[in-house]
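First listed ligand is number 1; within each ligand, the first listed atom is number 1.
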Amino acid sequence: MSRRVELTTSRRGVLGMALAGAAAAGLGTAPAQAALVRSSARIVIIGAGAAGTAFANRLVQRLDGAQITLVDARAEHLYQPGLSLVAAGLKPPGYVVSRTTDWLPRGVTLVAEQAAAIDPEAKTVTTSGGQRLEYDFLIVAPGLVLDHDAIEGFSLDLVGKDGLGALYAGPEYAARTWQAASQFTETGGVGIFSRPETEMKCAGAPLKHTFLIDDIASRNGAAGKYEAHYVCPQSVLFSVPIVSEKVRMLFGERGIATHYGHTLKGIEPGRKLARFETSAPGADGEAVKSTVEMPYDYLHVIPPQRAPQVIRESGLSWADKWTDQGWLQCDMQTLRHLRYPEIFALGDIAGIPKGKTAASVKWQVPVVEDHLVAAIQGREGTAIYGGYTSCPMITRVGRAMLVEFDYDNNLVPSFPGLIAPLEELWISWLMKEVALKATYNAMLRGKA
Ligand SMILES: Cc1cc2nc3c(=O)[nH]c(=O)nc-3n(C[C@H](O)[C@H](O)[C@H](O)COP(=O)(O)OP(=O)(O)OC[C@H]3O[C@@H](n4cnc5c(N)ncnc54)[C@H](O)[C@@H]3O)c2cc1C
């Protein structure tokens with residue numbers, strides 16, 4: 001039986017990330033370096049986001065002589081956790097934007113094109129510019145795509161006008177979301193906050209936006225003349241039961257109405273109507289579907305989320321689950337592909353039950369590093385990923401709950417006794433508002 005190192009319990013945590021971030025900023029001691037391993041392996045990484053960049057930085061510190069190629073056409077790196085703050089008028093859009101090349105270490109070749117095709121049998125990646133990259137190991141980290149077209153009548157051009165917000169779409173759209181939301185917080189009316197039926201990155205973000213806009217509205221011109229409705233396809237507010245219950249209580253205290261079993265299908269922007277498909281158990285227990293329309297003065301849209309097309313067409317996705325979404329088939333503890341052992345998933349693309357957060361990436365990267373380096377050395381890796389996922393759940397300006405959990409829905413607080421996970425605390429707000437970015441940056445540099 002193989003002995004595996006449980007990274008998730010011994011070195012876990014967002015605050016741990018913060019301390020590592022501080023270390024990277026010269027305020028502490030950087031993590032000990034593992035010995036360099038000689039290798040001429042060809043390693044291709046698809047995606048230079050949180051996961052691909054952090055992994056490339058770790059690899060150059062571990063391998064000597066390997067050919068490391070990072071494929072990504074996007075010139076801008078986006079610190080996505082900052083989008084929630086931009087969409088509440090708390091940060092400018094520039095807060096989330098840097099350059100992809102700012103984070104890349106020496107020793108990594110950037111191919112500034114998209115991966116257009118993967119042939120796992122031939123072990124090649126073909127780029128949008130027609131280059132054919134051969135690999136010995138492939139790290140798949142292209143994040144996910146937002147399927148705004150799935151919402152009939154909706155277009156990103158509408159964001160910021162006539163009460164429409166869509167903060168996931170990027171910094172410009174998050175700023176335009178605040179334009180629409182801030183008008184709602186002054187004039188009031190009906191605010192509708194949606195989330196998709198699919199898996200999504202940072203499942204706390206729809207709740208954060210609801211909490212923040214409700215908080216601001218309750219102190220601005222809209223006070224006493226608005227309604228807030230949280231409308232979701234699921235039958236719970238959050239996948240971790242104890243967190244879901246806490247949010248349900250907070251929504252109740254704040255007068256935020258909840259509508260379960262509602263999936264946003266379309267909008268009529270001219271009439272300010274949102275159309276939802278509802279699903280409720282009928283007399284025979286079978287789900288009965290119907291359509292309901294809800295008028296809005298402010299509507300926040302988060303569209304369905306899926307694997308990028310190149311992954312869905314690669315034959316690397318799960319065949320028997322998430323078939324409409326195409327997440328990469330992999331072992332949930334090692335992130336290694338189940339049919340192609342030289343392929344690993346990292347970040348949002350991974351077809352695992354939890355983990356679509358940057359904080360998860362921090363704990364996934366060393367696990368994949370361990371297995372990849374072990375494979376190069378002809379031995380078996382030992383590290384496992386336990387599903388660590390974290391969400392600094394903002395509940396009002398200046399207050400948040402630091403929610404950290406694993407595959408088994410256990411709460412895994414980084415500092416038990418110091419930061420209570422289900423309390424609205426100023427220190428947890430600071431984690432989101434201040435520490436998280438430094439920590440994220442340290443992770444990108446492979447230091448956390
Ligand atoms: C509104 C919002 C709030 C969030 N809040 C938090 C939070 O508070 N805490 C937290 O931990 N996480 C949060 N997250 C989630 C976090 O940002 C993501 O989980 C994280 O960025 C995932 O990293 P990734 O590398 O998998 O994907 P990304 O960081 O999205 O990077 C993917 C990269 O792949 C590239 N790519 C795509 N397709 C291709 C292709 N075909 N070829 C080559 N490259 C490709 C893209 O250009 C991109 O650079 C939030 C996200 C959002 C949207």
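- Contact analysis puts Ala141 in contact with ligand 1, with a non-hydrogen atom separation below 4.0 angstrom.
- Legend: side chain to side chain donor-acceptor pair (under 3.5 Å) pairs involving residues 165-177, not counting sequence neighbours, sorted by first then second residue: Glu172-Arg176.
- Of all the atoms in ligand 1, the ones that sit under 4.0 Å from a non-hydrogen atom of Val310 are 41 (N).
- Looking at Asn57 and Lys447, their side chains never bring a donor and an acceptor atom within 3.5 Å of each other.
- Of the candidates Cys202, Pro392, Cys391, Gly204, Cys202 brings a heavy atom nearest to atom 14 (N) of ligand 1.
- In terms of polar-atom proximity, Ile46 is not counted as a contact of ligand 1, lacking any N or O under 3.5 Å from an N or O of the ligand.
- For atom 1 (C) of ligand 1, the closest non-hydrogen atom on the protein side is Leu167 CD1, 3.3 Å.
- When each of Leu346, Ile46, Ile68, Leu335 is checked for a side-chain contact (heavy atoms from CB on, under 4.5 Å) with Ile139, only Leu346 meets the rule.
- Annotation: salt bridge (Lys or Arg N to Asp or Glu O under 4.0 Å) contacts involving residues 74-102, sequence neighbours excluded, comprise Lys91-Glu433, Arg99-Asp102.
- The backbone N or O of Gly386 lies less than 3.5 Å from no partner atom in the side chain of Asp406, so there is not a single donor-acceptor pair.
- The Lys356 neighbourhood of ligand 1 comprises atoms 19 (O), with distances under 4.0 Å to a heavy atom of that residue.
- Counting only N and O atoms by type, the side chains of Glu134 and Thr124 include no donor and acceptor under 3.5 Å apart.
- Protein heavy atom in closest approach to atom 2 (C) of ligand 1: Gln80 O, 3.6 Å.
- Residues Trp103 and Ser98 bring a donor and an acceptor atom of their side chains to less than 3.5 Å of each other.
- Remark: ligand 1 and Ala50 share an N or O pair separated by less than 3.5 Å (distance only, no angle test).
- Looking at Ala205 next to ligand 1, no N or O pair under 3.5 Å apart turns up.
- The protein non-hydrogen atom at the shortest distance from atom 13 (C) of ligand 1 is Pro81 CG, 3.6 Å.
- Scanning the protein heavy atoms around atom 31 (O) of ligand 1, the nearest turns out to be Gly49 CA, 3.1 Å.
- Summary of contacts: the protein heavy atom closest to atom 27 (O) of ligand 1 is Gly143 CA, 3.5 Å.
- The option from Ala203, Ser84, Ala359, Pro206 that lies nearest to atom 11 (O) of ligand 1, judged by heavy atoms, is Ala359.
- Counting only N and O atoms by type, the side chains of Glu199 and Gln325 include no donor and acceptor under 3.5 Å apart.
- Only side-chain heavy atoms of Arg74 come within less than 4.0 Å of ligand 1; its backbone N, CA, C and O stay farther off.
- Side-chain atoms of Ser360 and Thr357 form a donor-acceptor pair, as typed in the model, at a separation below 3.5 Å.
- Residue contacts with ligand 1 include Lys208, since one or more of its heavy atoms lies under 4.0 Å from the ligand.
- Nearest protein heavy-atom contact of atom 25 (O) of ligand 1 is Ala51 N, 2.8 Å.
- Evaluated by nearest non-hydrogen atom to atom 36 (N) of ligand 1, the leading choice among Pro142, Gly355, Ser390 is Pro142.
- Figure legend: cation-pi geometry between Lys246 and Phe251 absent, as NZ or CZ is not positioned both under 6.0 Å from the six-membered ring centre and within 45° of its axis.
- If you look at Thr100 next to ligand 1, there are no close heavy atoms at all, none under 4.0 Å.
- Side-chain N or O atoms of Lys356 include one that pairs as donor or acceptor with a backbone N or O of Asp348 at under 3.5 Å.
- Contacts between His77 and ligand 1, counted as non-hydrogen atom pairs separated by less than 4.0 Å, are absent for every part of the residue.
- Between Lys123 and Glu121 there is no salt bridge, since no side-chain nitrogen of the basic residue lies less than 4.0 Å from a carboxylate oxygen of the acidic one.
- Of the protein's non-hydrogen atoms, the one nearest atom 42 (N) of ligand 1 is Ala115 N, 2.8 Å.
- Closest non-hydrogen pair, Val140 versus Ile349, comes out as O-CG2, 3.2 Å.
- Using modelled atom types, one finds a donor on one side chain and an acceptor on the other under 3.5 Å when comparing Glu404 with Tyr388.
- Of the protein's non-hydrogen atoms, the one nearest atom 45 (C) of ligand 1 is Gln114 NE2, 3.7 Å.
- Here is the list of ligand 1 atoms found below 4.0 Å of a heavy atom in Lys201: 53 (C).
- Close contacts between ligand 1 and Gly347 involve ligand atoms 26 (O) [criterion: under 4.0 Å to a heavy atom].
- One option in Asp72, Leu78, Leu146 has a heavy atom closer to atom 47 (O) of ligand 1 than any other, and that option is Asp72.
- Side-chain contact of Glu113 with Thr127: a donor-acceptor pair under 3.5 Å is present, judged by distance alone.
- Taking each of Ile302, Asp348, Val365 in turn, the one with a heavy atom nearest to atom 26 (O) of ligand 1 proves to be Asp348.
- For ligand 1, the atoms sitting less than 4.0 Å from at least one non-hydrogen atom of Val71 are 43 (C), 44 (N), numbered in the order shown with element in parentheses.
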